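Model, not experiment: these values are computed from the prediction. To find a chain, count down the sequence lines: A is the first, B the second, and so on, and within it residues start at 1.
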2 protein chains.
Amino acid sequence: MPDSLDSPTTARTQTNRARRNTGRTVLSDVAKLAGVSTATVSRVYNEPDKVSANVRERVEQAALALNWFPNAAGRALASTRSHIAGIIIPTLDDQVFASQVSGMQAAFAARGITLVLGCSNYDPAQALVQVRAMLARGVEAMAVVGEAHPPELFDALRLYRVPYAVTYAYRGDSPHTCIGFDNHAAYVEIAEHLIGLGHRSFAVCIQPTRDNDRVQARVAGIRATLERHGLAVRPEHMLEGESTIGFGRRCLRAIWQAPGERPSAIICGNDHIAIGVLREAEDLGIAIPDELSVTGFDDLEIAKELRPALTTMRVDTYEIGRLTAQHLLDVLDGKHPRHEHAGHEVHAELQLRQSTGPCRR
Amino acid sequence: MPDSLDSPTTARTQTNRARRNTGRTVLSDVAKLAGVSTATVSRVYNEPDKVSANVRERVEQAALALNWFPNAAGRALASTRSHIAGIIIPTLDDQVFASQVSGMQAAFAARGITLVLGCSNYDPAQALVQVRAMLARGVEAMAVVGEAHPPELFDALRLYRVPYAVTYAYRGDSPHTCIGFDNHAAYVEIAEHLIGLGHRSFAVCIQPTRDNDRVQARVAGIRATLERHGLAVRPEHMLEGESTIGFGRRCLRAIWQAPGERPSAIICGNDHIAIGVLREAEDLGIAIPDELSVTGFDDLEIAKELRPALTTMRVDTYEIGRLTAQHLLDVLDGKHPRHEHAGHEVHAELQLRQSTGPCRR
DNA sequence: TTGTATGCGTTATCAT
DNA sequence: ATGATAACGCATACAA
């Protein structure tokens with residue numbers, strides 16, 4: 001292979017192909033400046049103990065001078081570790097998911113892992129697409145909210161041996177590792193509280209149940225509890241709609257205008273809806289809690305400031321995020337098998353306030 | 001170089017080095033199964049038009065059968081495009097930033113770009129660290145909230161020629177591309193509104209101004225307006241603290257207990273603080289707005305449901321996110337120069353409600 | 001239209 | 001402790 005001198009394009013490279021020059025500073029530039037091999041530069045950042053102090057110093061100086069830091073794609077390719085984790089949530093518009101992301105992000109960042117976020121908008125198909133995109137990115141761990149997802153989603157996670165956790169919801173007999181609270185039990189507690197106060201006629205105003213196992217579990221918890229007491233929710237008192245104050249308002253108006261006996265208690269799917277019910281009650285001149293008891297869920301900061309203050313349940317969603325990240329890190333560290341059936345249950349705490357009281361019927 | 005038959009380790013590879021086997025399905029596996037070259041498989045996913053229909057079909061079948069999709073690290077390295085964008089926000093706990101992230105995420109996802117999120121917790125040093133981490137990941141574009149960041153942050157972005165935008169805040173004479181609203185002007189508008197109602201004595205309850213150009217601009221807007229009218233805020237009526245209902249409550253108590261003339265209007269840094277002021281006013285028996293006018297900022301869903309309903313300003317933060325992503329995509333598409341001084345101003349709209357009224361002094 | 005042969009920036013293996 | 005160099009998985013210039 002003659003290295004012909006009359007070929008200017010071969011002057012700087014060993015082949016006759018043009019080198020794709022990206023212009024950026026790379027590890028070998030640092031190695032050259034520091035007068036060491038590329039392997040040594042790499043060691044300085046990955047196994048610093050294996051490098052003598054003065055060489056390490058030289059390399060760090062060179063890196064600083066050239067303003068170099070390792071390229072993540074190169075690292076990922078060579079080490080088969082991406083240092084990326086993913087989370088799929090329904091929406092960022094809900095404070096509970098936002099704070100869960102916040103908790104995970106902080107815990108992962110402390111270990112040098114970047115969290116990539118995906119929103120499914122409550123659509124299982126979007127969730128599946130997002131998970132596939134994250135697998136392509138080489139996520140090392142994943143979290144998904146709830147377990148109402150296509151089986152292909154969990155299949156893909158298993159196939160690629162990516163440790164994952166189902167968050168927000170906790171179910172003892174789930175096939176997945178769950179980190180969250182028991183939605184069913186939480187609403188059993190709410191229903192029992194109201195029944196204990198003497199209520200016998202209930203309405204339920206709740207978010208869409210479709211594709212949402214958490215909300216389904218809540219409704220089931222209410223139904224099971226009432227049934228145990230020989231009670232039931234009349235179909236016209238079971239309202240499903242968006243998670244807004246406006247929907248709560250519309251619910252109460254519909255319930256109050258409906259023919260037949262009015263409920264003495266309304267169980268809401270969350271605080272937004274409950275606030276709407278409370279506000280509409282004021283407009284309609286309904287006395288809370290004497291004429292009607294109302295419960296929410298989430299314990300937003302505003303809940304205790306309302307008049308009457310809202311009885312609701314508090315869940316530490318930031319903690320759910322933190323615990324989830326911690327669990328996944330433990331799996332990555334080999335402290336648990338990849339797809340062991342583990343999990344943490346976080347408790348929802350009933351906050352008794354003024355919006356619920358004894359039934360006056 | 002004799003290919004000795006008695007060397008079993010060389011049977012499958014062309015060298016005498018052990019191949020690092022990661023066990024995953026790769027592009028060449030698909031090529032082999034489809035009976036085509038690796039280049040053709042790559043083309044099927046990157047330049048499908050350049051591949052004949054039946055070959056494309058074969059490749060897609062093979063990929064499906066092997067459950068293969070391209071590895072992002074490999075793509076990034078080979079194409080020097082990461083398909084990643086980043087955003088640094090102060091915190092996810094604030095709805096306005098959460099919805100901005102939401103808007104960006106949706107717009108980027110529609111173009112196959114993954115959004116990576118970083119939270120600075122209002123700490124410039126953390127923001128810098130996060131930006132560097134994102135540059136290492138090869139982000140193709142970045143958004144940061146506000147411009148109160150270390151110069152090194154913007155230097156790094158420029159050095160790596162990464163298009164970026166400053167969001168949430170908009171300032172005509174900023175050296176950066178800004179997408180947001182004019183915090184100064186917004187608070188001028190609030191102050192003018194109150195002055196127009198006859199108010200002359202003001203208190204201000206606002207978030208920490210340190211390292212926060214948005215809040216500083218708001219305070220400056222208030223001060224400038226009052227000064228233009230020959231007025232000023234007394235030091236004991238300028239309170240700075242956390243963005244919570246509790247802080248708002250403490251503010252009003254402190255203001256009401258302070259010696260000297262009481263203000264007839266309180267301008268708050270956001271709705272949370274304003275809600276606290278309103279709640280505390282009710283507890284103290286202060287008539288709103290007759291005895292005291294109160295303003296917020298953000299127009300949370302709850303603002304119009306309060307009694308009295310809160311006068312505040314509305315900003316479409318989801319739209320800010322969407323516009324930011326769109327602008328950055330345009331830059332990536334070459335529609336604008338990389339570091340052109342461009343931007344979009346989004347308008348904050350005053351929502352006049354019951355918490356402000358004529359001064360009765 | 002399709003195949004061949006590198007190179008992208010880093011890490012890991014082996015040798016020294 | 002340090003150096004030389006082959007992977008890592010994919011995209012692309014160039015040849016055919």
Side-chain angles (χ1 to χ4, degrees), chain A residues 1 9-10 12-32 34-56 58-59 63 66 68-83 136-138, chain B residues 9-10 12-32 34-56 58-59 63 66 68-83 135-138:
Chain A
M1 190 215 274
T9 62
T10 64
R12 289 178 52 233
T13 62
Q14 53 189 347
T15 75
N16 59 351
R17 297 294 186 106
R19 186 179 194 275
R20 295 183 227 160
N21 188 359
T22 61
R24 57 182 145 195
T25 305
V26 295
L27 184 145
S28 59
D29 297 331
V30 176
K32 196 177 299 171
V36 298
S37 69
T38 60
T40 297
V41 175
S42 178
R43 282 188 205 103
V44 167
Y45 293 87
N46 297 301
E47 307 165 294
D49 298 340
K50 295 191 174 177
V51 180
S52 68
N54 72 54
V55 169
R56 196 189 315 150
R58 273 212 326 270
V59 169
L66 296 176
W68 172 87
F69 40 74
N71 171 291
R75 297 189 74 176
L77 204 51
S79 67
T80 64
R81 282 212 53 187
S82 66
H83 298 274
R137 292 228 170 268
Chain B
T9 63
T10 63
R12 288 177 54 234
T13 62
Q14 54 186 347
T15 75
N16 59 353
R17 296 295 186 107
R19 184 177 195 275
R20 294 184 226 159
N21 188 359
T22 62
R24 56 181 148 195
T25 305
V26 296
L27 185 144
S28 59
D29 297 329
V30 175
K32 196 177 301 172
V36 299
S37 71
T38 59
T40 298
V41 175
S42 178
R43 283 189 204 102
V44 167
Y45 292 87
N46 297 301
E47 307 166 293
D49 299 339
K50 294 190 175 177
V51 179
S52 68
N54 72 53
V55 170
R56 196 190 314 149
R58 276 216 319 275
V59 169
L66 296 176
W68 173 86
F69 38 74
N71 171 291
R75 298 188 72 174
L77 205 50
S79 67
T80 62
R81 283 211 52 187
S82 66
H83 298 274
L135 288 172
R137 293 228 169 267

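Residue contacts for A:Thr80: at a heavy-atom cut-off of 4.0 Å it reaches no nucleic acid atom on any strand shown. A:Val41 comes within 4.0 angstrom of no nucleic acid atom, judged by non-hydrogen atoms across all strands. Contact annotation for A:Val51: backbone-only contact, meaning every heavy-atom pair under 4.0 Å involves sugar-phosphate atoms and none involves a base. Using a 4.0 Å heavy-atom distance criterion, B:Arg24 is classed as a sugar-phosphate-only contact.
Annotation: the span from B:Phe69 atom CZ to B:Thr25 atom OG1 amounts to 9.5 Å, rounded to 0.5 Å.
For B:Ser79, counting side-chain heavy atoms from C-beta on, the closest listed nucleotide (C:dT2, D:dA11, C:dT11) is D:dA11. The side chain of A:Arg43 approaches D:dT2 more closely than any other nucleotide in the set C:dT10, C:dG7, D:dT2. Side-chain proximity of B:Leu27 to D:dC10, C:dT10, C:dA12: nearest is D:dC10. The side chain of A:Asn46 approaches C:dT11 more closely than any other nucleotide in the set D:dC14, C:dT11, C:dA5. The side chain of B:Val36 approaches C:dG3 more closely than any other nucleotide in the set C:dT2, D:dG9, C:dG3.
Computed from coordinates, the B:Arg58 CZ to C:dT2 C1' distance equals 11 Å when rounded to whole Å. The distance from atom OH of A:Tyr45 to atom P of C:dA12 is 16 Å, rounded to the nearest whole Å. To the nearest angstrom, C1' of D:dT2 lies 16 Å from CG of A:Asp49. With rounding to whole Å, B:Lys32 atom NZ is found 15 Å from C:dG3 atom P. Rounded to whole Å, atom C1' of C:dC14 lies 13 Å from atom NZ of A:Lys50. One interatomic measurement links the two molecules: CD of B:Glu47 to P of D:dC10, which rounds to 16 Å at whole-angstrom precision. For B:Leu77 and C:dT11, the CG to P distance is 12 Å, given to the nearest whole Å. To the nearest angstrom, P of C:dT11 lies 5 Å from CZ of A:Arg75.
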Residue pair B:Arg75, B:Asn46: steps toward the side-chain hydrogen bond (donor to acceptor under 3.5 Å, both in side chains) verdict: CA-CA 10 Å; B:Arg75 298 188 72 174; B:Asn46 297 301; 2.8 Å; yes
Residues A:Trp68, A:Asp29; criterion side-chain contact (heavy atoms from CB on, under 4.5 Å); working and verdict: CA-CA 9 Å; A:Trp68 172 87; A:Asp29 297 331; over 6 Å; no
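Checking B:Gly74 against B:Thr40, the closest nucleotide of DNA chain C that is more toward the 5' end is the one next to B:Thr40. When the nearest nucleotides of DNA chain D are assigned to A:Val55 and A:Thr38 by heavy-atom distance, the more 5′-ward of the two goes with A:Val55.
Side-chain atoms of B:Arg56 come within 3.5 Å of backbone N or O of B:Val51 as a donor-acceptor pair.
Within the 4.0 Å cut-off from OP1 or OP2 of D:dT12, not a single side-chain nitrogen or oxygen of B:Ser42 is found.
A:Arg43 is not listed as a side-chain neighbour of A:Val59, based on a closest heavy-atom distance of 4.5 Å or more.
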